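Please read the structure below before turning to the comments.
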Amino acid sequence: MTQAIRPAFINCVRCGAQKRVGRSGPIPTYCSANCRAALKYERSQLDGRYEQSLAEFRQRTVERREAAARPCPYCDEAMPNPRRKQCGKPDCKRAFNADRMRDWHHNYQAERGQRYTTDRMNEGQRAYGKRRREEQVHWRQRYPEVAAAHDARRRMRLEQARTAEVFAPVDVHTRDEWTCQLCRRPIDHQVAWPDPMSASVDHVVPLSKGGLHSLINVQSAHLGCNSSKGDRVAGEAEAVL
């Protein structure tokens with residue numbers, strides 16, 4: 001029986017590159033695994049099997065994720081990825097981190113018999129604060145004029161609070177027909193604080209500039225418009241808004 005001669009080199013059926021043949025084992029047909037996979041892909045592209053198999057794979061992936069989906073423990077929204085601990089929303093992520101830190105502290109206390117504390121850090125912070133207070137004088141001593149003006153405004157507010165007119169914010173909004181007197185747009189009474197479009201009561205002449213807390217000196221305004229106005233009077237506020 002004649003024994004077949006084992007070649008020393010072969011030519012890749014895809015790229016034609018030479019490949020050394022080993023002394024044992026099957027005689028290779030391709031120069032590498034990349035050529036074998038590429039040729040298989042090229043042949044599948046000719047008859048459309050690649051697109052069909054890819055679509056089937058994607059469909060099976062969607063079905064598998066839907067079957068494995070479980071609700072988020074914080075908002076009950078479906079999570080396609082079964083390995084996730086929460087859905088990823090900011091509120092759920094914040095609650096998950098809080099629970100994780102709470103469990104960590106409980107385990108730490110159970111293992112060591114005492115709660116985890118940061119006394120060293122607190123001592124450093126107290127020492128730093130004490131050193132800063134010793135190095136820097138109080139702001140009232142550094143800025144006496146600002147301190148005097150601050151005290152005057154505070155006394156004025158206290159005096160106005162004693163003699164202020166009593167009224168409810170809804171009385172102001174009803175009088176102004178739920179319309180912002182700064183941007184002239186309607187105010188939705190269902191929008192809750194602190195939304196910028198929620199309702200607020202604005203002082204025409206700010207209290208810091210001698211204005212009174214009375215119905216003749218208040219008006220309806222969006223919270224965002226009121227914040228943008230700040231302590232300005234009507235003319236200055238219109239220039240800003």
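Only this structure's heavy atoms are used, side chains among them; waters, hydrogens and symmetry mates stay out. Please read these numbers as outputs of a predicted model, since none were measured by experiment.
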Heavy-atom distance under 4.5 Å between the side chains of Gln181 and Asp202, does that happen here?
no
So which atom in Cys92 and which in Cys72 form the shortest heavy-atom distance, rounded to 0.1 Å?
SG-SG, 3.9 Å
Applying side-chain contact (heavy atoms from CB on, under 4.5 Å), can you list everything that pairs with Arg70, at least two apart in sequence or on another chain?
Met79
Do you know which two heavy atoms are closest between Trp139 and Val146, and how far apart they sit?
CZ3-CG1, 4.3 Å
Within a strict 4.5 Å, meaning less than it, do heavy atoms of the Arg185 and Thr179 side chains meet?
no
Measure the shortest side-chain to side-chain distance between Val201 and His173 over non-hydrogen atoms and say whether it is less than 4.5 angstrom.
yes
Just jot down the side-chain contact (heavy atoms from CB on, under 4.5 Å) partners of Gln190, sequence neighbours excluded, or say none.
Asp188
Would you give me the side-chain donor-acceptor pairs under 3.5 Å for residues 101-111, sequence neighbours excluded?
{"unit_1": "Arg102", "atom_1": "NH1", "unit_2": "Asp99", "atom_2": "OD1", "d": "2.6"}
{"unit_1": "Asn107", "atom_1": "ND2", "unit_2": "Asp103", "atom_2": "O", "d": "3.2"}
{"unit_1": "Gln109", "atom_1": "OE1", "unit_2": "Arg115", "atom_2": "NH1", "d": "3.4"}

List the atom of Cys15, the atom of Cys31, and the distance in Å for their closest heavy-atom pair.
SG-SG, 3.5 Å
Using a cut-off of 6.0 Å, state whether more than 12 heavy atoms not belonging to Arg142 lie near its atom CZ.
yes
Value for CD (Gln136) from CD (Gln141), rounded to nearest 0.5 Å, stands at 12.0 Å
Cut-off 3.5 Å, no hydrogens considered: what does the side-chain donor-acceptor table look like for residues 58-65, sequence neighbours left out?
{"unit_1": "Gln59", "atom_1": "NE2", "unit_2": "Glu63", "atom_2": "OE2", "d": "3.1"}
{"unit_1": "Thr61", "atom_1": "OG1", "unit_2": "Phe57", "atom_2": "O", "d": "2.8"}

Reference residue His222; test side-chain contact (heavy atoms from CB on, under 4.5 Å); the match among Leu182, Asp195, Val191, Ile187
Ile187
Determine whether a donor-acceptor pair (N or O, by modelled atom type, separation under 3.5 Å) exists between the side chain of Ser200 and the backbone of Ala221.
yes
Donor-acceptor pairs under 3.5 Å, side chain of residues 84-91 to any protein atom, not counting sequence neighbours: which ones?
{"unit_1": "Arg84", "atom_1": "NE", "unit_2": "Gln86", "atom_2": "O", "d": "3.2"}
{"unit_1": "Gln86", "atom_1": "OE1", "unit_2": "Gly88", "atom_2": "N", "d": "2.7"}
{"unit_1": "Lys89", "atom_1": "NZ", "unit_2": "Glu77", "atom_2": "OE1", "d": "2.7"}
{"unit_1": "Asp91", "atom_1": "OD1", "unit_2": "Arg94", "atom_2": "NH1", "d": "3.0"}

Output for pair (Ser220 OG, Arg175 CZ), nearest 0.5 Å, gives 7.0 Å
Looking at every heavy atom in both Gln219 and Asp176, which two are closest together, and how far apart are they?
CA-OD2, 3.5 Å
Rounded to the nearest 0.5 Å, what separates atom SG in Cys180 from atom CG in Leu223?
10.5 Å
Looking at Val205, is its backbone amide N or carbonyl O close enough to the side chain of Asn217 to form a donor-acceptor pair, meaning the two atoms are under 3.5 Å apart?
yes
Check: residues 22-30 side-chain donor-acceptor pairs under 3.5 Å, at least two apart:
none

Spacing of NZ belonging to Lys130 relative to CD belonging to Glu134, to within rounding of 0.5 Å:
5.5 Å
Quick one: closest heavy-atom pair of Phe96 and Tyr74, and the distance?
CA-OH, 3.3 Å
Under 3.5 Å donor-acceptor, His138 side chain and Arg140 backbone
yes
